[in-house]
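What follows is a short report on a single structure.
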Amino acid sequence: MVGKITRAYEREVKEGDVKMASPKFGMSILFFFLCISFCSSTDQSFQQCFSSHLPPSNITYDVIFTQNSSQYSSILQSSIRNLRFSNASKPRYLVTPYNEDHIQATIICSKEHHMHVRVRSGGHDYEGLSYISDVPFIVIDLFHIRSVMVDIKNEYAWVGAGATLGELYYSISAKSNVHGFPAGSCPTVGVGGHISGGGFGTIFRKYGLAADNVIDAKMIDVNGNVLDRKSMGEDLFWAIRGGGGASFGVIFSWKLKLVRVPPTVTVFKTVKSLEQGATKLVQKWQNIAYKFHHDLFVHAVIQVTNPNSNQNPTVQVSFDCLFLGTTERLLSSIQRSFPELGVTQENCTEMSWIQSVLYFAGYSIAESADVLLNRTTQSTQSFKGKSDYVKEAIPKTGLEGLFKMVVEEETSVLILTPYGGRMKQIKSSATPFPYRSEYLYGIQYMISWDVAEETGKRIGWMRRLYKYMEPYVSTAPRAAYFNYRDLDLGRNSYPNTSYVESSEWGLKYFNHNFNRLVRVKTLADPHNFFWNEQSIPVLRLE
Ligand code: FDA
């Protein structure tokens, strides 16, 4: 099915864009005349360089799109998820590789032409770092690299970095109803960015992060070498499983360990407003959700609600549960540990794991799993996100102040994700993601808006909220989740970044693992070719 989509996309690709000829044909006459009609000499030189670094057998079409190309805009926009960046600086070229050779050639030629590279898989970066930059740059968009090969007998899958989580989940479920993979809930998120930054979802209390379940990877390094786990070595393999792939190279594919899920899982959702006692429920939730059995995941989603137009806005908290087992087992556990939630058989729905994926993605469980293959869902909104981690339950007064601030902004959403379970068992240095045993839960703060003029006000509110939360969340460092990228935490100077400067944000994301990431980066990319506003810095002897 994934192959079908690729073919469908290919059919959509119209004639008339820059066609790259294989070196077998040299710089063909046709290509030459196409180029002089709309390419600058730099474009021509880049394209010549690209062709010259491909093996003769690699015939390539529709790989490089210049700003003059008719498809440039639609490809660039296709996976911009945050409209805050839709008018930002544009890449000089979009490269849409079909194989490793194209990526190798792009890296080599970008270096020769002094251009930066940004790599995009699903385009969900909160700060748009996969497709914007203040320095001349090229975007390598991996949407063609998305084959998924599932081996149920040996319980693993090889997945192209440009595949989405939806494509991965779909492909697993097409082969087995008792296997799954522990990653995020949004099906359009790309596996390239998601897994290299950690990746958690509804079954991570049982199985850990997506990055904890990577067995091998293929990556193209700064010299254009294609590396696997063995040839990159354990340090680099460690770094790309949570430290962000973009600092180290271009991840081509992941080999993932599939996990066993039961044939029946159960979900429920209980929504309470402040007037219905939500504050007390959150107080209790903070102290128990991280202790629940590994099979039980209950997160709390805080948002504004207007019960009817005559009433003032208030806050509601939705407790959404996924249980890896039947209703009967779930009820015996939740009614004992959290009776105040009032969960009964009527609130619970049994389904397969893949239906629970649809459910948490906001689809009806009656829908065909094919909807998970839709990667073109366009966002119509701008947003700003931030994150925190909590080690001690926030007191009632702290929660009340938080809810007051939430009511100020109708489009704000806070998601409280319980840790514990498997996350507590994995050592905090096992991968670059350090927030394991001491943490009760993580918080994601999110605000969205439609109108560009509102940007300042919304971001201002988000920063005030973050300030307000300071006394209640982790300190030294104030922990943050790398996959919820936040440039307010700090950004690298260009072109040279000092270790001290990067520590501002680096320690928040990676804590004690930051130093090891710096050492790995220094060896893997000593000239800091893979620089971005929050890439791992290179150690320099000053
Ligand atoms: P994108 O393509 O923007 O890449 C993100 C970063 O990774 C960039 O720096 C990019 O250069 C780099 N990168 C991408 N592909 C690479 C490759 N092949 N090699 C090297 N570097 C590469 N997170 C979570 O843990 N659980 C969740 O449930 C969700 N849900 C969610 C929903 C929505 C709507 C959004 C917008 C985001 C999330 N996230 C999330 C956060 C998500 O995990 C995070 O934004 C990922 O980095 C997105 O990966 P993409 O490949 O989609 O982004």
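All values below were derived from every heavy atom in this structure, side-chain atoms included, with hydrogens, water molecules and symmetry-related copies excluded. Everything quoted here is computed from the prediction, not taken from an experiment. First listed ligand is number 1; within each ligand, the first listed atom is number 1.
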Around atom [atom1] of [X], are there more than 12 heavy atoms from other residues, nucleotides or ligands closer than 6.0 Å?
X	atom1	answer
D134	CG	no
K424	NZ	no
E504	CD	no

Mind listing the closest non-hydrogen atom pair of Y435 and M423 along with its distance? O-CE, 4.1 Å

Closest protein heavy atom (residue, atom, distance) for [atom]:
atom	value
atom 40 (C) of ligand 1	Y484 CE2, 3.9 Å
atom 48 (C) of ligand 1	H124 CB, 3.7 Å
atom 3 (O) of ligand 1	S130 OG, 2.6 Å
atom 37 (C) of ligand 1	Y126 CE1, 3.4 Å
atom 46 (C) of ligand 1	N483 OD1, 3.6 Å
atom 28 (O) of ligand 1	S185 N, 3.0 Å
atom 17 (C) of ligand 1	V119 CG1, 3.6 Å
atom 15 (N) of ligand 1	S121 OG, 2.7 Å

Could you check Y419 against F204 for ring pair (Phe, Tyr, Trp, His ring centres under 6.0 Å), going step by step and ending with a plain yes or no? CA-CA 8 Å; Y419 274 56; F204 89 127; 5.1 Å; yes

Sorted by first residue and then second, give each side-chain hydrogen bond (donor to acceptor under 3.5 Å, both in side chains) pair with at least one member in residues 208-224; sequence neighbours left out. E100-K218, D212-R436, D221-N225

Purely on distance, is any nitrogen or oxygen of [X] under 3.5 Å from one on ligand 1?
X	result
V189	no
G245	no
R81	no
A246	yes
A161	no
L129	no
G184	no
N532	no

Ring centers of H113, Y93 separated by less than 6.0 Å: no

Measure from the side-chain N and O atoms of [X] to the backbone N and O of [Y], and report whether any donor-acceptor pair falls under 3.5 Å.
X	Y	answer
Q425	G208	no
S502	P537	no
R205	Y290	yes

The one among [options] that brings a heavy atom closest to [atom]:
atom	options	result
atom 34 (C) of ligand 1	A210, G160, C186	C186
atom 49 (O) of ligand 1	R118, R120, H194, M446	H194
atom 20 (C) of ligand 1	G192, G193, G249	G249

Subset of ligand 1 atoms that lie under 4.0 Å from at least one heavy atom of V250: 19 (N)

Can you list the ligand 1 atoms lying under 4.0 Å from a non-hydrogen atom of L142? 18 (N)

Please verify the inter-ring angle class for Y126 with F383; under 30° counts as parallel, over 60° as perpendicular, anything in between as tilted. perpendicular

Classify the ring geometry of F297 against H299: parallel below 30°, tilted from 30° to 60°, perpendicular beyond 60°. tilted

If we set the cut-off at 4.0 Å for heavy atoms, which region of R485 has an atom near ligand 1: side chain, backbone, both, or neither? side chain

For ligand 1, is there an atom lying under 4.0 Å from some heavy atom of [X]?
X	result
G199	yes
G123	yes
Y481	yes

For L324, the option from L296, V259, I203, T266 that meets side chain to side chain contact (heavy atoms under 4.5 Å, CB included): I203

Measure the shortest side-chain to side-chain distance between T349 and Y359 over non-hydrogen atoms and say whether it is less than 4.5 angstrom. no

For R519, all residues meeting salt bridge (Lys or Arg N to Asp or Glu O under 4.0 Å), sequence neighbours excluded: none

